[in-house]
Amino acid sequence: MQLIDKANRLGLKWISNMEGHSARLHFEDLSYCVEQALLIWYSGQPTPAVEIMTEINKLTVEPESMFRDSSTGRYVHIKDITFFAQVNSNAEYSITPKSGDPDDLGDLDDPDDLDDPDDLVWHLPIIYNCPFLPPCHLSLHIQREPEDLLWEPWMASLPEITTNLALSSELHVLEGAAHLAYMDTFSMDKGLKKQPLYPKVREESPHPYLIAQRVLARDAVMNLAQSADHSVVKLGDIVTSRTVITNTGSTPCMYVQYRTTLPQCARLVPGSFIINGIEVPMQTDMMNVITVILRNMPVGDLLDVSFRMEIHEPSEIEKFYMSSVLDYHFQPVDDRLLIGNQPSNVVEFIWGG
């Protein structure tokens, strides 16, 4: 079953108890949102419920689906716990069978059939988005029924990424209790679907119940360098502001919108807005913001934007700041447009009286 197959600024976090009884979920990114969190537990006997415990929260969950793994005879349980992961995004996770129900322990007359909490193996793959991540294509397929096949539909769903660039990839496979992770950099000149890694992994893991892959996409990386001809200002000064915009990425940047907010004590000098030496008629809006649609920018393209502003009234604060922002679109995979947003550096002004 296809759980997710999309292009965006996505990351994949994976925790489990393979190396201990508990594991910490922690995001290094400055801004993120958990999109999907999938708990998978694996035991010798059916485990109708488990308890998830963190330092501040506890939750009892029952599986949405359960089946017996044909290769090992053990039981695989699956539950979406996205909401719990969203509110416990920096916490130590411990997951154990729900106590108090004799059915959780198997056949009490047969010691070999008892389900030891130490026998429970769990995995928690988490998909999240963050505006600071590079764009990627992320897919995750999971088995829901005993006879589900994953390799064929997963391979068929891969996007057609063909480029002369090498793109890094991470591939995760769950088969039995084992979590297999492959990190590689692919040459994409023959496309994603013809990577030699896939037949190798398929031979090693012919019956997985989860396949997840994150492949970095071609990125539009915009560089905005903001400057001003002087930073100490007083009433009546004319300041020239300049923004040099460069596409330093690996794919064209389209539908580019530039905007900057003038300080409240300043106003745009008529006829002073220049792009690559050409005057462009421009006015600020009621919020003192300049907004202009620029041309599409191929890789390596440069635009030099400048304007003059007059300090026409005293500033109420000693220090004030100005920067510019670009909004743009680019096409990393499958002809799907992604949205980028890039601020410039900040220029500081000091009121000189």
For side-chain contact (heavy atoms from CB on, under 4.5 Å), just list the numbers for Glu35 and Thr82, CA-CA rounded to whole Å, side-chain angles, deciding distance to a tenth of an Å, and then say yes or no.
-> CA-CA 7 Å; Glu35 286 200 2; Thr82 301; over 6 Å; no
What distance do His230 atom NE2 and Ile238 atom CD1 have between them, rounded to the nearest 0.5 Å?
-> 8.5 Å
Output the distance between atom CE (Met322) and atom OG1 (Thr261), rounded to the nearest 0.5 Å.
-> 9.5 Å
NZ/NE/NH1/NH2 to OD/OE distance under 4.0 Å, Asp229 and Arg308 | no
Evaluate the side-chain proximity of Leu140 to Gln36: yes if any heavy-atom separation is below 4.5 Å, no if none is.
-> no
Quick check: does any side chain N or O of Lys319 sit under 3.5 Å from a backbone N or O of Glu348, one acting as donor and the other as acceptor?
-> no
Can Asp5 and His141 be counted as having a side-chain donor-acceptor contact under 3.5 angstrom?
-> no
Could you tell me how the ring of Trp154 sits relative to the ring of Trp151: parallel (under 30°), tilted (30 to 60°) or perpendicular (over 60°)?
-> perpendicular
Where the side chain of Asp237 meets the backbone of Val239, is there a donor-acceptor pair that is under 3.5 Å apart?
-> no
Neighbour count above 12 (heavy atom, 6.0 Å) for Glu316 CD = no
Check: Asn296 side chain, Tyr255 main-chain N or O, donor-acceptor pair, under 3.5 Å = yes
Distance, nearest 0.5 Å, that separates NZ of Lys6 from SG of Cys136 | 10.0 Å
Is a donor on one side and an acceptor on the other found under 3.5 Å between the side chain of Asn341 and the backbone of Tyr328?
-> no
Please work out which of the three classes, parallel, tilted or perpendicular, describes the rings of His179 and His123, given edges at 30° and 60°.
-> perpendicular
If we ignore angles and hydrogens, is there a donor and acceptor under 3.5 Å between the side chains of Ser324 and Tyr258?
-> yes
When every non-hydrogen atom of Pro125 is compared with those of Leu210, the smallest separation belongs to CG-CD1, 4.2 Å
Go through the steps for Asn17 and Ile95 under the test side-chain contact (heavy atoms from CB on, under 4.5 Å), then give the verdict.
-> CA-CA 8 Å; Asn17 69 336; Ile95 299 171; over 6 Å; no
Are Phe349 and Val347 side-chain neighbours, meaning at least one heavy-atom pair lies under 4.5 Å?
-> yes
Check the surroundings of atom NZ in Lys193: do more than 12 heavy atoms from other residues, nucleotides or ligands lie under 6.0 Å from it?
-> yes
Using modelled atom types only, decide if a donor and an acceptor are shared between the side chain of Thr260 and the backbone of Ser323 within a distance under 3.5 Å.
-> yes
Parallel, tilted or perpendicular: which fits the ring planes of Phe273 and Phe307, with parallel below 30° and perpendicular above 60°?
-> parallel
Rounded to the nearest 0.5 Å, what separation is found between the CG atom of Leu39 and the CD atom of Glu64?
-> 10.0 Å
Can you find a heavy atom in the side chain of Gln226 that is under 4.5 Å from one in the side chain of Asn345?
-> yes
Could you tell me which non-hydrogen atom of Val256 sits nearest to which non-hydrogen atom of Arg295, and how far apart they are?
-> CG2-O, 3.6 Å
Report yes or no: does Ser272 contribute a side-chain atom to a donor-acceptor pair with the main-chain N or O of Val269 at less than 3.5 Å?
-> yes
Any donor and acceptor pair, going by atom type alone, linking the side chain of Thr246 with main-chain N or O of Thr248 inside 3.5 Å?
-> no
Rounding to 0.5 Å, atoms CE (Met309) and CD1 (Ile290) come to a distance of 9.0 Å
If Ile, Leu, Val, Met, Phe, Trp and Tyr residues are connected whenever their side-chain heavy atoms lie under 4.5 Å apart, and connections chain through other members, are Met53 and Ile40 in the same group?
-> no
Heavy-atom distance under 4.5 Å between the side chains of Phe330 and Cys253, does that happen here?
-> no
Give the minimum heavy-atom separation between Leu192 and Gln195, together with the two atoms involved.
-> O-CG, 3.0 Å
Verify same cluster id: Ile350, Leu262 (apolar side-chain graph, 4.5 Å) = no
Do side-chain atoms of Glu318 reach the backbone of Trp351 as a donor and acceptor pair under 3.5 angstrom?
-> no
For the residue pair Phe84 and Tyr93, does the interplanar ring angle fall in the parallel (under 30°), tilted (30 to 60°) or perpendicular (over 60°) class?
-> perpendicular
Look at atom CZ of Arg74 and say whether more than 12 heavy atoms of other residues, nucleotides or ligands are closer to it than 6.0 Å.
-> yes
Got Thr185 and Leu167 here, is their nearest side-chain heavy-atom distance under 4.5 Å?
-> no
Between CD of Gln143 and OG of Ser65, what distance do you get to the nearest 0.5 Å?
-> 9.0 Å
Tightest non-hydrogen contact, residues His312 and Ala266, listed as CD2-C, 3.6 Å
Step by step, would you call Thr284 with Val289 a side-chain contact (heavy atoms from CB on, under 4.5 Å)?
-> CA-CA 5 Å; Thr284 56; Val289 177; over 6 Å; no
Would you say Arg68's side chain and Tyr75's backbone share a donor-acceptor pair under 3.5 angstrom?
-> no
Identify whether Leu3 and Leu138 are in the same connected component of the hydrophobic contact network (ILVMFWY, side-chain heavy atoms under 4.5 Å).
-> yes
N/O donor-acceptor pair under 3.5 Å between Asn8 side chain and Leu10 backbone | no
Side-chain heavy-atom pair Met282, Val292 within 4.5 angstrom cut-off = yes
Non-hydrogen atoms of Ser169 and Gln213 that approach each other most closely | OG-OE1, 3.4 Å
Parallel, tilted or perpendicular for Phe27 and Tyr32, by the 30°/60° rule?
-> parallel
Closest non-hydrogen atom pair between Lys79 and Pro63, with its separation = CB-CA, 4.4 Å
Taking side chain as C-beta onward, heavy atoms only, is Gln45 less than 4.5 Å from Leu120?
-> no
Residue that, paired with Thr54, satisfies side-chain contact (heavy atoms from CB on, under 4.5 Å) out of Asn88, Leu59, Asn90 | Asn88
Do Tyr128 and Leu133 touch side chain to side chain, with heavy atoms closer than 4.5 Å?
-> yes
Classify the angle between the aromatic ring planes of Trp41 and His77 as parallel (below 30°), tilted (30 to 60°) or perpendicular (above 60°).
-> parallel
Walk me through it: do Glu203 and Tyr198 pass the test side-chain hydrogen bond (donor to acceptor under 3.5 Å, both in side chains)?
-> CA-CA 9 Å; Glu203 183 177 353; Tyr198 299 145; over 6 Å; no
Hydrophobic cluster membership, Leu180 vs Val201, 4.5 Å side-chain cutoff | yes
Does Arg267 pair with Glu313 as a salt bridge, N-O distance under 4.0 Å?
-> no
If you measure only the distance, is there a donor-acceptor pair under 3.5 Å linking the side chains of Asp301 and Asn247?
-> no
Hey, mind stepping through Glu170 and His172 against side-chain contact (heavy atoms from CB on, under 4.5 Å) and telling me if it holds?
-> CA-CA 7 Å; Glu170 57 179 299; His172 299 263; 2.9 Å; yes
What about Val61 and Val34, same hydrophobic cluster or not, with Ile/Leu/Val/Met/Phe/Trp/Tyr joined at side-chain heavy-atom distances under 4.5 Å?
-> yes
